[in-house]
Number of protein chains: 2
Amino acid sequence: MVLYDAADLRSELHQIGCRLTPQREKILKFFQNLPQGNHLSAEDLYHALAQRGENISLSTIYRSLKLMARMGLLRELELAEGHKHYELNQPYPHHHHHLVCVQCNRTIEFTNPAILKTGVKQAEKEGLHLLDCQLTIHAVCPEALRRGWPSLLPSHWVCPRALNGTVTGVITEN
Amino acid sequence: MVLYDAADLRSELHQIGCRLTPQREKILKFFQNLPQGNHLSAEDLYHALAQRGENISLSTIYRSLKLMARMGLLRELELAEGHKHYELNQPYPHHHHHLVCVQCNRTIEFTNPAILKTGVKQAEKEGLHLLDCQLTIHAVCPEALRRGWPSLLPSHWVCPRALNGTVTGVITEN
DNA sequence: GATTTTATTGAGAATCATTATAATTTAGGG
DNA sequence: CCCTAAATTATAATGATTCTCAATAAAATC
Ligand SMILES: [Zn+2]
Ligand SMILES: [Zn+2]
Ligand SMILES: [Zn+2]
Ligand SMILES: [Zn+2]
């Protein structure tokens, strides 16, 4: 786990012409003390801090999250909920990915170094500078499947799961 | 490439208690005729169809995109722009992933069967029904790096790229 | 330490994407 | 062809995020 103290953070900020403020310090510290596996929205963070007596305005929360994500201190996640979530950005070997149930939003983390390697290779191949690399697996729990969800899937839908499956419709070579 | 004609689409829709409408037919057909590598937002699609003289209301566009994504006909993508993008959902072996420049939004597709395998394995392990599996690689082009972007990255930021890199701050075992 | 400069904060307005509402139209089973 | 439920449309409403600007506070300079 990588820890930035106030001095580290000040130094990182100064390098890009930004200042260390109590708000930024508290936000980063909050993420550092958050148990692994938590993914907070701006609103989540706002309320969590408020509960601790730290009243940081929502504007500042949004601004800080974006800034710190750009700085590489936080990681911005698109899970399955319509708003962004953030977590501490842990470099390899703590880099991980997410499996999300689109029905109940349960999120499971898993590591897989091969994926990061793929990202490194792909970015290199295209001459780009890699920033992040996220595998997001969308799924539904069996309970959800039983009621509601399956009715919206074509009965024979086999996509990505179907490594060798058949599909209806005309299949043409492309 | 998988092609659904009107009859196929009607059948898919009827299975879930929905009707075939000219709007739905036109939208699907539009995606089927779209060159590989295009990723349209709702607004994009709205305008593209309008240009062809097909005036489908934005509400219907939004509703159809969501429906078809749930049906597995389309794939919903979270690229780097603040709105969703859609493409035809091609099952394996056409399943692919995306490398995005967060500066210019250029998006490059690539295939990698190992990633889908990881998704299948992970979902299975957790007892979930896999729906989709997307590796999204965020990067910036060198031009962007030169001006602007690098200034917002700590000079020594090495994350995910740094398979063996060093990081400032206190590193503790976790 | 006081002064000056400039980034940052906070409250609220504004914007953007998306979803909901309700009246009208239409698909498709009978 | 008729009837009912589903779908479309225009519009309002929502929700997340960003913007604006006056007030505040870092930190560079004196
Ligand atoms: Zn995580
Ligand atoms: Zn959430
Ligand atoms: Zn694509
Ligand atoms: Zn776009």
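Every chain is numbered from 1 and lettered A, B, ... according to where its sequence line falls, protein lines coming before strand lines. Quick caveat: nothing in here was measured; it's all calculated off a predicted structure.
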Original post:
Pick the nucleotide of DNA chain C nearest each of B:P22 and A:L13; which residue has the one closer to the 5' end?
Top reply: A:L13
Subject >> Upstream residue (5' side of DNA chain C) when A:I61 and B:L58 are each assigned their closest nucleotide >> reply: A:I61
Please report, rounded to the nearest Å, how far the [atom2] atom of [N] is from the [atom1] atom of [X].
X: A:H83; N: D:dG15; atom1: NE2; atom2: P; value: 12 Å
X: A:I56; N: C:dA11; atom1: CD1; atom2: P; value: 12 Å
X: B:R70; N: C:dT19; atom1: CZ; atom2: C1'; value: 14 Å
X: A:Y46; N: D:dT17; atom1: OH; atom2: P; value: 15 Å
X: B:E12; N: C:dA27; atom1: CD; atom2: P; value: 20 Å
X: A:R19; N: C:dT8; atom1: CZ; atom2: P; value: 7 Å
X: B:L67; N: D:dA7; atom1: CG; atom2: P; value: 8 Å
X: B:E25; N: D:dA7; atom1: CD; atom2: C1'; value: 15 Å

Original post:
Could you give the angle between the helix axes at the two ends of the helix from C:dG1-D:dC30 to C:dG30-D:dC1, with five pairs per end, rounded to 10 degrees?
Top reply: 40°
Subject >> Near-ring test B:H96/B:H98, centroid separation under 6.0 angstrom >> reply: yes
**OP:** Over 60° means perpendicular and under 30° means parallel, so classify the ring planes of B:H83 and B:H85, tilted if in between.
**Re:** parallel
Let me check something: do [X] and [Y] share a hydrophobic cluster, defined by ILVMFWY side-chain heavy atoms less than 4.5 Å apart, either directly or through other members?
X: A:L74; Y: A:I61; answer: yes
X: B:L79; Y: B:L135; answer: no
X: B:L99; Y: A:L77; answer: no
X: B:V100; Y: A:V120; answer: no

Original post:
Are B:Y86 and B:L40 close enough that some pair of their side-chain heavy atoms sits under 4.5 Å apart?
Top reply: no
Check whether any side-chain N or O of [X] sits under 4.0 Å from OP1 or OP2 of [N], and answer yes or no.
X: B:H14; N: C:dG28; result: yes
X: B:R24; N: D:dA7; result: yes
X: A:T21; N: C:dT8; result: no
X: A:S41; N: D:dA16; result: no
X: A:R10; N: D:dA27; result: yes
X: A:Q23; N: C:dG10; result: yes

Subject >> Spacing of B:I137 atom CD1 and A:K121 atom NZ [to the nearest 0.5 Å] >> reply: 9.5 Å
Original post:
Between C:dG10, D:dA27, D:dT17, which nucleotide has the shortest distance from any of its atoms to the side chain of A:Y62?
Top reply: D:dT17
Original post:
In the 5'-to-3' direction, what one-character label does each nucleotide of nucleotides 20-25 of chain C receive under the scheme B = base within less than 4.0 Å of a protein heavy atom, S = sugar-phosphate only, - = no such atom?
Top reply: B-----
Original post:
Should A:Q134 and A:D132 be marked as a side chain to side chain donor-acceptor pair (under 3.5 Å) after you check the CA-CA gap, both sets of side-chain angles, and the distance that decides it?
Top reply: CA-CA 7 Å; A:Q134 311 179 4; A:D132 195 10; 2.9 Å; yes
Subject >> Pairs satisfying salt bridge (Lys or Arg N to Asp or Glu O under 4.0 Å), at least one member in residues 91-110 of chain A, at least two apart >> reply: none
**OP:** Tell me what A:L20 touches on the nucleic acid: a base, only sugar-phosphate, or nothing, going by heavy atoms under 4.0 Å.
**Re:** sugar-phosphate
